[in-house]
Amino acid sequence: MLHNSKCSNLLLYGKTGTGKTATAKYVLQKFQFTAKTHNKKTNVAYSNARLAGSEYRVLTDLAQSLNIKIPFTGLPLSEVLNRILNKISEDSLMIIFIIDEIDYLTKHSSDDILYLLTRSSEQTNNGFLSLIGISNDLQFKEFLDPRVLSSLSEEEIVFPPYTVEQLREILSERAKEAFIENSITSASINLCAALAGTEHGDARRAVDLLRVAGELAEREGAKQVDENHVRLAIKKVDQDRVTEAIRLLPLHEKITLLSISLLNEINSTGEVYSKYVNLCKNIGIEPLTQRRISGLLNELDLLGLISTNIINKGRHGRTKKITSLVTNTIINTIINEDSMLNNLTKTV
DNA sequence: CCTCCACTGGAAACCTAGGCTC
DNA sequence: GAGCCTAGGTTTCCAGTGGAGG
């Protein structure tokens, strides 16, 4: 890029917490610094496909980082892309666009924009757009349009999971920065590493664990972070992840989840649905159809909040067996925070 | 071996909110 | 301002399904 030529697209993949995003951002930060010293104008844009939620919003993210104003709805995708490409041509911009969790696009919508983006350089006279795709899903390549794949994976880097030993080193380094000397035992660090290591070597989780353990120790005024704090921390970290996930659910998914928690043990789609309809009537909102709820149940399953598997009960038909993976108290507390739903839990 | 339940999940139609053009 | 277009969410429609009970 420093020689004004388009660089290869790049595909990074590996499990969560192996440092893909952090590495990409760090390297690009260094790169931009170098580019600046050479008086090159470069742009780095970032979008997380899962958080953005749709193709349109991924493109909006890109447009915004180029200071192009895009309405949040109303434009055809191709128009959004055209505006971006025009801007690139006009200002001869050199752009690296990171699409994080790119696998989300292929699973939840079509990968049309990936195709358009990879071909974009043919439509610009000056400037160019290079892509960095980041995927957690190792198999996502199989679902990708072969034309997109060959273009996107001009270069590939696989991030293997960290070993427990590597995690231990990362944590020791981190602890040196964050903790007062001797305030954390090496046994605690080892335990953090071991606990995070059993869950496919997720460094983000390991660092979280260390931080939470530290906070717990601090709160109770302990002089040292010991292994008990770590054990408490792992529970808290797990729980926080779940509560956050529930808090962000759209209204109808919250109601669906509440319905499941109000029924006992194992439920069928039909039972959950009639409970759900009841709750909706209770608070005076229009219930969605069963077909839609069936879809929402799949989404909750994907989020790991419930587990479903399809069972055949012979003459009694075929249904999903639905179990909640979250305790009712947690669901209740969080649903209570929702102003539309809090009198629902009261009446129940 | 056949039936038939209670769904599942794909496909297409429909709806809404918004932008663009004339 | 009318008439058109789009994306994204939802509804409508329906063929398909595996095995308990006949």
Side-chain angles (χ1 to χ4, degrees), chain A residues 47-64 66-87 97 99 101-117 120 123 142-143 145 148 248-260 263-281 283-303 305-324 338 340:
Chain A
S47 176
N48 181 311
R50 188 175 52 80
L51 295 182
S54 67
E55 294 177 276
Y56 189 93
R57 294 197 277 260
V58 168
L59 282 188
T60 310
D61 281 346
L62 172 58
Q64 254 161 20
L66 303 177
N67 290 322
I68 307 172
K69 285 246 158 53
I70 298 287
F72 74 91
T73 175
L75 296 181
L77 276 176
S78 54
E79 174 60 23
V80 180
L81 191 61
N82 273 337
R83 291 190 189 185
I84 291 169
L85 295 181
N86 280 342
K87 173 92 171 178
F97 184 30
I99 307 179
E101 307 199 48
I102 196 170
D103 44 326
Y104 185 89
L105 285 183
T106 55
K107 280 177 202 153
H108 284 78
S109 42
S110 71
D111 45 12
D112 288 354
I113 60 156
L114 292 182
Y115 180 67
L116 294 173
L117 281 173
S120 62
Q123 294 173 45
E142 292 165 23
F143 300 103
D145 185 320
V148 176
L248 294 174
L249 288 180
L251 180 66
H252 286 278
E253 288 187 45
K254 277 185 185 166
I255 303 176
T256 312
L257 191 61
L258 183 61
S259 313
I260 297 166
L263 297 160
N264 336 316
E265 289 301 303
I266 294 153
N267 316 295
S268 67
T269 306
E271 288 166 339
V272 172
Y273 185 65
S274 51
K275 186 86 206 172
Y276 159 85
V277 171
N278 267 332
L279 293 183
C280 283
K281 283 192 182 140
I283 52 173
I285 58 173
E286 231 8 71
L288 302 176
T289 56
Q290 178 157 348
R291 173 72 187 81
R292 183 70 186 123
I293 295 303
S294 180
L296 293 187
L297 286 171
N298 286 340
E299 284 176 32
L300 289 174
D301 187 15
L302 221 61
L303 285 171
L305 296 175
I306 61 174
S307 86
T308 68
N309 49 335
I310 294 161
I311 50 162
N312 275 292
K313 292 190 289 188
R315 177 129 301 208
H316 301 291
R318 179 174 203 247
T319 185
K320 279 203 187 90
K321 197 183 82 181
I322 301 156
T323 359
S324 172
D338 196 311
M340 279 199 78

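Small disclaimer: the values here were computed from a predicted structure and weren't measured. Here is the naming used below: chain letters follow the sequence lines, and residue numbers restart at 1 for every chain.
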Please test A:Leu249 against A:Leu300 for side chain to side chain contact (heavy atoms under 4.5 Å, CB included), starting from the C-alpha separation and ending with a verdict.
CA-CA 9 Å; A:Leu249 288 180; A:Leu300 289 174; 3.8 Å; yes
Interatomic distance where CG belongs to A:Leu288 and P belongs to C:dG8 [whole Å]
19 Å
Could you run down nucleotides 12-22 of chain B 5' to 3' and tag each one B, S or - for protein heavy-atom contact under 4.0 Å?
------BSS--
Side chain of A:Thr289 only, please: which of B:dC7, B:dG9, C:dT12 is the nearest?
C:dT12
Note: A:Ile255 and A:Cys280 closest approach over all heavy atoms is CD1-SG, 4.2 Å
State which residues pass ring-ring contact (aromatic ring centres under 6.0 Å, His included) with A:Tyr56; sequence neighbours excluded, sorted by chain then number.
none
Whole-Å distance between C:dT10 P and A:Ile285 CD1?
12 Å
Could you tell me the separation between the NE2 atom of A:His252 and the P atom of C:dT10, rounded to a whole number of Å?
7 Å
Among C:dT10, B:dG9, C:dG9, which nucleotide sits nearest the side chain of A:Arg57?
C:dG9
Ignoring hydrogens, what is the shortest heavy-atom contact between A:Glu55 and A:Ile113? Give both atom names and the distance.
OE2-N, 3.2 Å
Any donor and acceptor pair, going by atom type alone, linking the side chain of A:Glu101 with main-chain N or O of A:Arg50 inside 3.5 Å?
no
Taking protein heavy atoms under 4.0 Å as touching, what does nucleotides 14-22 of chain C look like 5' to 3' if B marks base contact, S marks sugar-phosphate-only contact and - marks none?
--BBBBBB-
Partner set under side chain to side chain contact (heavy atoms under 4.5 Å, CB included) for A:Lys87, not counting sequence neighbours
A:Ile68, A:Asp91, A:Leu93
Would you please confirm or rule out a distance under 4.0 Å between OP1 or OP2 of B:dC7 and any side-chain N or O of A:Ser294?
no
What integer distance in Å separates A:Leu105:CG from C:dA7:C1'?
14 Å
Identify each donor-acceptor pair in which a side-chain atom of residues 309-319 of chain A lies under 3.5 Å from a protein atom, sequence neighbours left out, and give them as a table.
residue	atom	partner	partner atom	Å
A:Thr319	OG1	A:Thr269	N	3.2

Whole-Å distance separating the CD atom of A:Gln290 from the P atom of B:dA6
12 Å
Take the protein atom CD1 of A:Ile322 and the nucleotide atom C1' of B:dT8, then report the distance between them rounded to whole Å.
12 Å
Compare the minimum distances between each of C:dT10, B:dC7, C:dG8 and the side chain of A:Tyr56, then state the nucleotide with the smallest one.
C:dG8
Nearest heavy atoms of A:Leu288 and A:Tyr273, plus distance in Å:
O-OH, 2.7 Å
Identify all side-chain donor-acceptor contacts of residues 72-82 of chain A below 3.5 Å with residues at least two apart in sequence or on another chain.
residue	atom	partner	partner atom	Å
A:Glu79	OE2	A:Arg83	NE	3.1
A:Asn82	ND2	A:Ser78	O	3.4

Could you tell me whether A:Leu77 contacts a base, only the sugar-phosphate backbone, or nothing, with contacts defined as non-hydrogen atoms closer than 4.0 Å?
sugar-phosphate
Let me know the distance between CD of A:Glu299 and C1' of B:dG9, rounded to the nearest Å.
14 Å
Rounded to whole angstroms, how far apart are CZ on A:Arg292 and P on C:dG9?
8 Å
From the set B:dG9, C:dT11, B:dT8, return the single nucleotide nearest to any side-chain atom of A:Asn298.
B:dG9
